[in-house]
Amino acid sequence: MDILHMDKPHEECGVVGVWSDEMHASELLYYGLIALQHRGQESAGIVVCDTKGPLGNISTEKGMGLVSEIFSSEKLHGMQGNIGIGHVRYSTTGISQVQNAQPVFLNYMKGTLALAHNGNITNTAEIQKGLQENGAIFSGTTDSEIIAYKIALERITSNSVEEAVISVSKELKGGYALLILSPQKLVGVRDPLGLKPLCLGKKENTYLLASESAAIVAMGGEFIRDIEPGEVITITEEGIHSDYSLRQEKRAHCIFEYIYFARQDSMIDGIKVYDARIKGGKAMARRYPVEADVVTGVPESGLPAAMGYSEESGIPFKLAFHKNSYIGRTFIKPSQDERVSAVHMKLSILESVVKGKRIVLIDDSIVRGTTIANLIKMMRKAGALEVHVRISSPPFLYPCFYGTDVPDNQQLIANSFSTEEICRRIGADSLEYMHLEDLSEMTGDLPLCKACFDEQYPI
C-alpha cells in the first residue's frame with residue numbers, strides 16, 4: 001500500500017471466477033485480478049480445476065504481494081484448468097501472512113472445495129461456536145475459513161454444493177460476495193442487502209464472475225449484468241442456474257464503491273462509477289461555492305469529482321499534481337518526517353498551475369488528515385494564494401462492520417474535531433464535506449448504506 005492510501009479507508013478484497021470449455025482459466029483469472037488490484041494489495045491467489053480430467057485435479061497458488069509479483073507466465077502455464085477462482089486481499093480479519101491469503105482450499109469427505117470472499121461477516125463467532133459445540137475440530141481464524149469449513153460440513157449431508165452454499169448463506173450476517181469452486185461447479189453468492197458488488201460477464205464460451213465490471217472487460221469479456229442481492233448463481237457445463245431464496249426487500253449498497261473503492265471505468269448496479277463521481281462534484285459546487293481560479297483533484301479518485309465541480313462552477317479544471325507511478329507499494333516509513341518525504345516522492349506540484357492562484361482542492365475522503373495537510377503545504381510552497389478543500393464524502397464518524405477498513409473512532413479526525421478545527425489543522429482556507437442529502441445526487445434512488453457517516457446500520 002502506498003503512502004497516499006495510508007490516510008484512506010480500504011476495501012477488503014476483490015474476487016474473480018471463470019468457467020470455460022478451454023484450459024485457460026488461470027490466465028483469465030490473472031488478468032481479472034490485475035484489474036482488481038486496487039481492492040487489495042496484500043496478497044493474491046488462484047485456484048483452478050480441470051473438470052475434464054480426473055476428479056479433484058486442482059492447482060492452487062497463493063502468495064504475499066501484488067498479482068504480478070506472485071504469478072509468472074511459467075506458474076500460470078503450469079496451472080491447467082478450465083474453471084477457477086481468484087482473490088486479492090487487504091486484510092481486516094486475520095494477521096498479514098500467506099496462511100491467510102485466499103482462496104481458502106479444503107479437502108473433505110466429499111471431495112475438495114475452494115472459496116474466495118470479499119466482505120465481512122458479523123456473526124462468524126456465533127457460527128464458529130456452533131461448529132465447536134457440534135464437535136468440529138477447527139482452527140481457522142478468518143471469516144473466509146469459517147464459511148468454507150461450514151459449507152464443507154454442510155455438503156456432507158446435502159444433495160449438491162449449491163444446496164450447501166445456500167443453507168450456510170442463510171446463516172450469514174454482513175456484507176459479502178462469495179465465489180465457491182467445486183470440481184464440477186462454480187457458485188457465486190451476493191449478500192441480500194447488496195452491500196458488496198458482484199457481476200456476471202461472458203467471453204464466447206466462457207462465463208466470468210467478478211467484483212467489478214472492469215475486471216470482466218480486462219478478461220476480454222462482455223458485461224452481462226450484476227448479480228442481484230440475495231442471488232446464488234451456479235455455473236456448470238449445463239449452463240447457468242440462479243436461486244433467489246436469500247432475496248429480501250431491503251437493500252443497502254455501499255456508497256463508498258461510488259465515492260472511492262471501485263475503478264472509474266466500472267459500472268455497479270446500473271450506475272457508472274465515473275458519472276457518479278462527476279455528479280458528486282457538481283453537487284458540492286452547488287452547495288459550497290467559492291471564488292477561485294483553479295479546480296484540481298487528488299489523483300486518482302478525486303479527479304472526476306473535481307471535474308464535476310469545475311463544470312458546475314465554471315472555474316477551470318487543471319491537473320496540479322504529477323503522480324509518480326513507479327515508487328512502489330511498500331514505500332511506508334515509520335517516522336512522520338519520512339512519511340512527508342514519501343508524499344513528495346509520490347506526488348509533485350505543477351508550480352505553473354498553482355502559483356499565484358486560488359485553488360479548490362478536491363479529495364474523496366479525510367480519515368486522519370495527514371495526507372491532505374501535506375498536500376496543502378506543498379501547494380502553498382509552490383505559490384498557491386488560497387487552498388479551499390472540498391471532500392466528496394461526508395465526514396467519517398463511525399466504524400464499518402461490513403468489510404470496509406475504517407479506523408476506530410479515536411483515529412477518525414472528524415470524530416474528534418469540528419469541521420472548522422479540521423480546517424485549521426490541515427492548513428486550508430476553507431473546508432466543506434459532501435452533504436449527506438447530496439449523496440443521492442450520485443446514485444439516484446439506489447438504496448445506500450451510509451452507516452460510516454450517519455450510524456444507521458442496515459443490520
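- The closest side-chain heavy-atom distance from N82 to D21 is not below 4.5 Å.
- For R39 and E257, the salt-bridge test passes: some basic side-chain N is under 4.0 Å from an acidic carboxylate O.
- Under the 3.5 Å distance criterion, the side-chain polar atoms of E455 are left unmatched by any main-chain donor or acceptor of C452.
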task: Report the C-alpha separation of K272 and M267 in whole Å, then their side-chain angles, then the decisive distance to 0.1 Å, and conclude whether the side chain to side chain contact (heavy atoms under 4.5 Å, CB included) test is met.
output: CA-CA 4 Å; K272 294 178 180 178; M267 183 167 69; 4.0 Å; yes

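- At least one side-chain heavy atom of L303 sits less than 4.5 Å from a side-chain heavy atom of F317.
- Taking OG1 of T124 as the start and NZ of K150 as the end, the distance is 12.5 Å to the nearest 0.5 Å.
- By the salt bridge (charged side-chain N to carboxylate O under 4.0 Å, His left out) test, D226 pairs with no residue at all, sequence neighbours left out.
- The distance between the ring centers of F453 and Y398 does not fall below 6.0 angstrom.
- Using a 4.0 Å cut-off between charged side-chain N and carboxylate O, R89 and E42 make a salt bridge.
- The pair E441-R287 does not meet the salt-bridge criterion, since no charged nitrogen lies less than 4.0 angstrom from a carboxylate oxygen.
- Side-chain atoms of R277 never come within 3.5 Å of backbone atoms of G280 as a donor-acceptor pair (strictly under, hydrogens ignored).
- The closest donor-acceptor contact from the side chain of R190 to the backbone of A177 lies at 3.5 Å or more, if one exists at all.
- With contacts defined as side-chain heavy-atom distances shorter than 4.5 Å, the pair P229/H253 qualifies.
- Within the 4.5 Å cutoff, the side chain of I85 has heavy atoms near those of the L186 side chain.
- A heavy-atom distance below 4.5 Å is not found between the side chains of V298 and T371.
- Contact check for M23 versus D50: side-chain heavy atoms found under the 4.5 Å cut-off.
- Using cut-offs of 30° and 60° on the angle between ring planes, the pair F401 and Y457 is tilted.
- In this structure a side-chain-to-backbone donor-acceptor pair under 3.5 Å is missing from S43 to A101.
- The distance from the CG atom of L195 to the CG atom of L193 is 5.0 Å, given to the nearest 0.5 Å.
- Remark: the backbone N or O of E300 is paired with a side-chain donor or acceptor of Q264 at under 3.5 angstrom.
- Between L446 and D269, the shortest heavy-atom distance links the atoms CD1-CB, 4.2 Å.
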- request: Decide yes or no on side chain to side chain contact (heavy atoms under 4.5 Å, CB included) for E162 and K185, but give the supporting numbers first.
  value: CA-CA 9 Å; E162 60 265 41; K185 296 176 180 177; 2.9 Å; yes

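- Closest non-hydrogen pair, N118 versus S211, comes out as ND2-OG, 4.3 Å.
- Under the side chain to side chain donor-acceptor pair (under 3.5 Å) criterion, Q37 pairs with no residue at all, not counting sequence neighbours.
- Of the inter-residue distances, the one linking F71 atom CZ with E27 atom CD reads 11.5 Å to the nearest 0.5 angstrom.
- Nearest heavy-atom pair across V98 and G63 is CG2-CA, 4.0 Å.
- Proximity of P458 to Y402: side-chain heavy atoms (C-beta onward) are separated by under 4.5 Å at one or more points.
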task: Determine, step by step, whether L76 and I46 satisfy the side chain to side chain contact (heavy atoms under 4.5 Å, CB included) criterion, reporting the C-alpha distance in whole Å, the side-chain angles of both residues, the deciding distance to 0.1 Å, and the verdict.
output: CA-CA 9 Å; L76 293 170; I46 288 174; 4.1 Å; yes

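- If you look at F256 and F396, their ring centroids are closer than 6.0 Å.
- H87 contributes no side-chain N or O that, together with a main-chain N or O of G45, makes up a donor-acceptor pair within less than 3.5 Å.
- The salt bridge (charged side-chain N to carboxylate O under 4.0 Å, His left out) test applied to R263 returns D265, not counting sequence neighbours.
- One finds no salt bridge joining K173 and E126 here, because no Lys/Arg side-chain nitrogen approaches an Asp/Glu carboxylate oxygen to under 4.0 Å.
- The environment of Q248 atom CD is dense: over 12 non-hydrogen atoms of other residues, nucleotides or ligands sit within 6.0 angstrom.
- When all heavy atoms are compared, the tightest approach of Y244 to S242 is OH-CB, 3.6 Å.
- Each of R390, R286, K282 was checked for a salt bridge (charged side-chain N to carboxylate O under 4.0 Å, His left out) with E312, and the lone residue meeting it is R286.
- The CG atom of D363 lies 4.5 Å from the CD1 atom of I372; values are rounded to the nearest 0.5 Å.
- Side-chain contact between Y149 and I127 is absent, with no heavy atoms from C-beta onward closer than 4.5 Å.
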task: Start with the C-alpha distance between E22 and T206, add both sets of side-chain angles, then the distance that settles side chain to side chain contact (heavy atoms under 4.5 Å, CB included), and finish with yes or no.
output: CA-CA 8 Å; E22 301 175 11; T206 299; 5.8 Å; no

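- A donor-acceptor contact under 3.5 angstrom links the side chains of D364 and S301, judged on distance only.
- In this structure, I426 and V389 approach most closely via the heavy-atom pair CD1-CG2, 4.4 Å.
- A donor-acceptor distance shorter than 3.5 angstrom exists from the side chain of D191 to the backbone of K196, with no hydrogens or angles considered.
- Between the side chain of Y207 and the backbone N or O of L200, no donor-acceptor pair lies under 3.5 Å.
- Atom-to-atom distance recorded for H435:NE2 and M284:CE is 13.5 Å, nearest 0.5 angstrom.
- Distance alone, capped at 3.5 Å, places no donor-acceptor pair between the S20 side chain and the A25 backbone.
- Listed for the S310 side chain is a donor-acceptor partner under 3.5 Å among the backbone atoms of I315.
- Heavy atoms only, all atoms of each residue included: S430 and H388 are closest at OG-ND1, 2.7 Å.
- Distance check, rounded to the nearest 0.5 Å: CD1 of I413 to CD1 of I422 gives 5.0 Å.
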